[in-house]
Structure formats: C-alpha cells, structure tokens
Amino acid sequence: MMKLSWVWIVIAIAFLQLVTGFLDFNETELSLIEAFDFGVSKLNYNPLMVGLTLITSAGAKGAVCLDGTLPGYHWHRGYGSGANSWLIQLEGGGWCNNVRTCVYRKKTRRGSSTYMEKQIPFTGILSDKAEQNPDFFNWNRVKLRYCDGASFTGDTENKAAKLQFRGQRIWLAAMEDLMSKGMRNAKQALLSGCSAGGLASILHCDEFRNMFPRTSKVKCLSDAGLFLDAVDVSGGRTLRSLYNGVVGLQGVQHNLPRICTIRRDPTSCFFPQNLISNIRTSLFILNAAYDSWQIQSSIAPPSADPHGYWHECRLNHAKCSASQMRFLQGFRIEMLNAIKGFSQSRENGLFINSCFAHCQTERQDTWFAANSPEIRNKAIAIAVGDWYFDRAGVKIIDCPYPCDKSCHNLVFK
C-alpha cells in the first residue's frame with residue numbers, strides 16, 4: 001500500500017510539473033511531502049480524526065481564502081491539566097508567486113476551503129495519546145488551515161483574476177475566534193508550524209506573544225521553516241526569485257517585522273535567517289540539516305539543472321556523487337552559520353539533525369515513537385518538551401551526514 005501511495009505521488013508530481021513549472025511554483029513537491037502521512041501508515045494505528053470548523057465571522061473582516069471562501073481550523077479541546085493550555089499548529093504547503101500559480105492554487109485545498117478535507121488525522125505533536133505526545137496530548141490543539149499562499153502574511157487583492165490575498169487577516173480572524181472560545185484564558189501557549197507554516201510561526205511569533213498577558217507562558221516552534229537564501233547549483237537564487245514574487249504579488253511587505261524592513265529589502269525580510277535573531281519571544285528551531293524540500297526545490301530544482309546532473313541525487317541522497325555531497329555539506333554549514341546569533345540566547349532552542357527530511361513534528365514516526373530520530377539519545381518530542389517547560393536547555397546540533405543512523409530519510413522514486 002505504501003509503495004502504491006508513492007506511485008501516485010510521483011505521478012502527481014510529474015503532472016504538476018507540466019502544469020506549473022518549478023521556477024514559478026514550488027508548492028508541488030512540498031505539499032506532497034507533507035500530505036504523505038508516513039507516520040500513520042507505518043505505525044498502523046487509528047489516529048484521532050478532527051473535523052473542520054469554518055470561521056464564520058471571517059467573511060465580514062475580509063479574511064478569506066484565495067477564492068473568497070471562509071478559512072477554517074481543526075480543534076480538539078484540551079482537558080484536565082491541559083484545559084487552559086493551547087497549541088496552534090500553522091499548516092504548511094508552499095507559496096504562489098504569480099497570478100497564474102495562484103489561480104491554480106485557488107482550485108485546491110491550499111486556496112479554498114471548498115476543497116479542504118472535512119476531517120484530518122491528529123498525529124505527532126497533535127496526538128491525543130500520552131504515549132505518542134507526552135507533553136501536549138491533553139492541550140487544546142488547533143491546526144489552522146493554510147489557504148492564502150504567503151505564509152499568513154499577505155493583504156491585497158487582484159480583482160481581475162478574482163484573487164484574495166488575505167493571509168494576515170486570516171491569521172488575525174482565527175486568533176480572535178479562538179480567543180473567544182477560551183484561548184484568552186490560556187496559562188500556556190505554543191505557536192507551531194511546519195514548512196511554510198514554520199516560516200509563519202517565525203513571522204507571527206512576537207505578535208502571538210503580545211496577544212496574551214505577561215503572566216502566560218508563550219513560546220514558538222518552527223519545524224522545517226528555516227528556508228535559506230541559498231545559491232542553487234547553477235549559481236542563481238531560485239528561492240529568492242520565488243519569494244520576490246510572493247512578497248510583491250501578495251502585499252506582504254506591510255506585514256513584515258519593521259526591525260528588518262528598515263534595514264533590508266522586503267524579500268530579504270521574508271527569509272527567516274534575517275529575522276530570528278531579533279525575535280523577542282522564546283523560539284525553538286527544528287530543522288533537518290539536509291532539508292528535502294530545499295534540496296529539491298531551492299538548491300537543485302530542475303530549472304537550475306537543465307541537463308539533469310542532479311536528478312538522481314535530489315530524489316535519493318544515496319545516489320549523490322562525492323562532489324554533490326560536498327555541495328550539500330556546504331548547505332549544512334550555511335544553515336549552521338545562519339543560526340549562530342540566534343543560538344546565543346538562553347531562551348531559544350535548537351534541534352538540527354543531519355537527516356534528509358522535511359516536517360518532523362506532525363509525523364508520528366519522527367515526533368515520538370520507538371525508533372524516532374534522536375540526537376544524543378534525545379527524541380524530538382522530548383527535546384521540545386524540555387525546552388518549553390524549562391526542564392533543560394536544548395541546543396542540539398547533529399554531526400554531519402552520514403553519522404546519524406536514527407534518521408527517517410525521505411527517498412523519492
């Protein structure tokens with residue numbers, strides 16, 4: 001069954017490449033990586049299914065998805081010791097950077113609540129089982145769906161194309177709605193997110209902190225959100241080109257941290273490496289040193305590799321040549337350099353494992369299971385819990401590939 005799932009994923013990737021092209025639209029493989037729930041299928045258990053709630057008050061505020069439909073979230077109510085604790089997980093799923101790709105996106109679950117699943121599994125950091133999610137299982141756990149294409153930061157429209165770029169309004173409307181449902185009484189809160197949602201958790205971290213009294217314990221977690229302004233294999237900057245389109249098209253510049261925009265151009269301020277050292281709220285960065293999405297769609301995308309020299313390597317790290325691996329080791333070093341200033345703060349946390357992975361908090365097998373990835377015998381769930389509850393300082397950086405044998409590496413066929 002798992003092999004069959006991958007066959008359909010590969011077919012979908014091939015089709016979407018024909019429709020969109022990677023230079024213009026880098027969502028394709030990213031959303032498929034996130035959609036493939038390896039943890040559920042591999043561990044063979046029945047996860048909690050949580051229904052979709054549309055935010056009915058959002059329409060009047062203009063807080064709508066790309067196609068004008070209402071945004072939504074999935075909420076499982078906390079209980080017992082977690083009744084007044086809240087975890088907000090921001091969904092990922094790439095970006096759209098021009099009218100064509102946003103028009104395509106608005107006909108999918110990434111741009112319209114019409115196409116969103118009515119129920120989704122809560123696994124990993126969203127699980128309701130103590131043995132799978134020891135520190136957050138009984139919290140109020142919310143997954144905010146992503147339907148704007150700019151990491152919940154845009155605020156403009158394109159009337160001719162009938163596109164609403166209202167990510168910032170969706171973020172605010174969702175927070176206001178959840179506050180009315182009890183989040184205003186939170187004693188503890190954690191803003192988290194995966195991939196484009198992990199970037200969003202960085203961009204909105206201080207804003208989230210300021211929604212609560214100073215007496216509340218509020219922190220942020222970014223999973224696979226450390227997207228680097230890196231040079232690709234052709235010497236270009238594929239991701240900067242993509243981000244430049246996102247920021248310009250969706251009116252993102254007005255919602256970026258001013259401490260950055262007074263010194264840098266708006267596109268640079270969409271890159272977390274230029275933001276994380278100035279975030280005042282305690283932040284945990286979880287990232288694979290060899291992030292699968294960044295390898296596939298930023299470092300070695302087909303647009304930067306017209307002759308296909310990187311084709312096998314980008315799908316399976318075991319097929320990388322010695323020179324290609326040296327290039328990827330350079331990317332790891334660039335990531336470690338990007339977090340040097342951030343890591344100086346005692347409040348912040350780090351877990352950088354030397355895996356070929358992307359998004360590790362919502363997959364049960366990578367979050368907390370018998371054979372979960374570890375660094376120094378510490379699983380990701382335990383590392384995040386130790387940091388959040390101040391049980392220990394957590395700044396763990398793995399040795400370079402191939403030393404870590406606990407990785408659950410993603411391989412594409």
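Values below: every heavy atom of this structure, side chains too, minus hydrogens, waters and symmetry copies.
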Trainee: Taking the side chain as C-beta and beyond, is there a heavy-atom pair between Ile299 and Thr238 under 4.5 Å?
Mentor: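 Answer no - side chains too far apart.
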Trainee: Let me know which of Tyr146, Phe165, Phe208 forms a ring pair (Phe, Tyr, Trp, His ring centres under 6.0 Å) with Phe152.
Mentor: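 Checked Tyr146, Phe165, Phe208 against Phe152; only one passes ring pair (Phe, Tyr, Trp, His ring centres under 6.0 Å): Tyr146.
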Trainee: Under the criterion side chain to side chain contact (heavy atoms under 4.5 Å, CB included), which of Leu203, Leu283, Ile259, Leu256 is the partner of Leu275?
Mentor: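 Testing each of Leu203, Leu283, Ile259, Leu256 against Leu275, the sole residue satisfying side chain to side chain contact (heavy atoms under 4.5 Å, CB included) is Leu203.
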Trainee: For Ala318, which residues count as a side chain to side chain contact (heavy atoms under 4.5 Å, CB included) partner, sequence neighbours excluded?
Mentor: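 Listed in chain order: Asn316.
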Trainee: Does Glu176 CD have over 12 foreign heavy atoms under 6.0 Å away?
Mentor: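 No - once you tally the heavy atoms of other residues, nucleotides and ligands closer than 6.0 Å, there are 12 at most.
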Trainee: In this structure, which one of Leu66, Thr101, Asp148, Thr69 forms a side chain to side chain contact (heavy atoms under 4.5 Å, CB included) with Lys106?
Mentor: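 Of the listed residues Leu66, Thr101, Asp148, Thr69, the side chain to side chain contact (heavy atoms under 4.5 Å, CB included) partner of Lys106 is Leu66.
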Trainee: Report, as yes or no, whether the 6.0 Å neighbourhood of atom NZ on Lys181 holds more than 12 heavy atoms from other residues, nucleotides or ligands.
Mentor: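 Count over threshold, so yes.
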Trainee: For Val64, check side chain to side chain contact (heavy atoms under 4.5 Å, CB included) against everything at least two apart and list the hits.
Mentor: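 Gln164, Arg166.
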Trainee: For Glu347 and Lys219, what are the C-alpha separation, side-chain angles and deciding distance, and is it a salt bridge (charged side-chain N to carboxylate O under 4.0 Å, His left out)?
Mentor: CA-CA 9 Å; Glu347 300 297 317; Lys219 298 187 178 186; 5.3 Å; no
Trainee: Testing Ser85, Ser81, Ser216 for side chain to side chain donor-acceptor pair (under 3.5 Å) with Gln188, which one passes?
Mentor: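 For Gln188, the side chain to side chain donor-acceptor pair (under 3.5 Å) check succeeds only for Ser85.
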Trainee: Parallel, tilted or perpendicular, judged at 30° and 60°: which one describes the rings of His358 and Trp293?
Mentor: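 Correct class here is tilted.
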Trainee: Count the heavy atoms of every other residue, nucleotide or ligand shown that sit under 6.0 Å from NZ of Lys61, and state whether that count exceeds 12.
Mentor: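 Yes.
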Trainee: Do the ring planes of Tyr401 and His317 sit parallel (below 30°), tilted (30 to 60°) or perpendicular (above 60°)?
Mentor: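 Perpendicular.
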Trainee: Determine whether Pro71 and Arg145 make a side-chain contact, defined as any pair of heavy atoms from C-beta on separated by less than 4.5 Å.
Mentor: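 Heavy-atom side-chain distance check fails, nothing below 4.5 Å.
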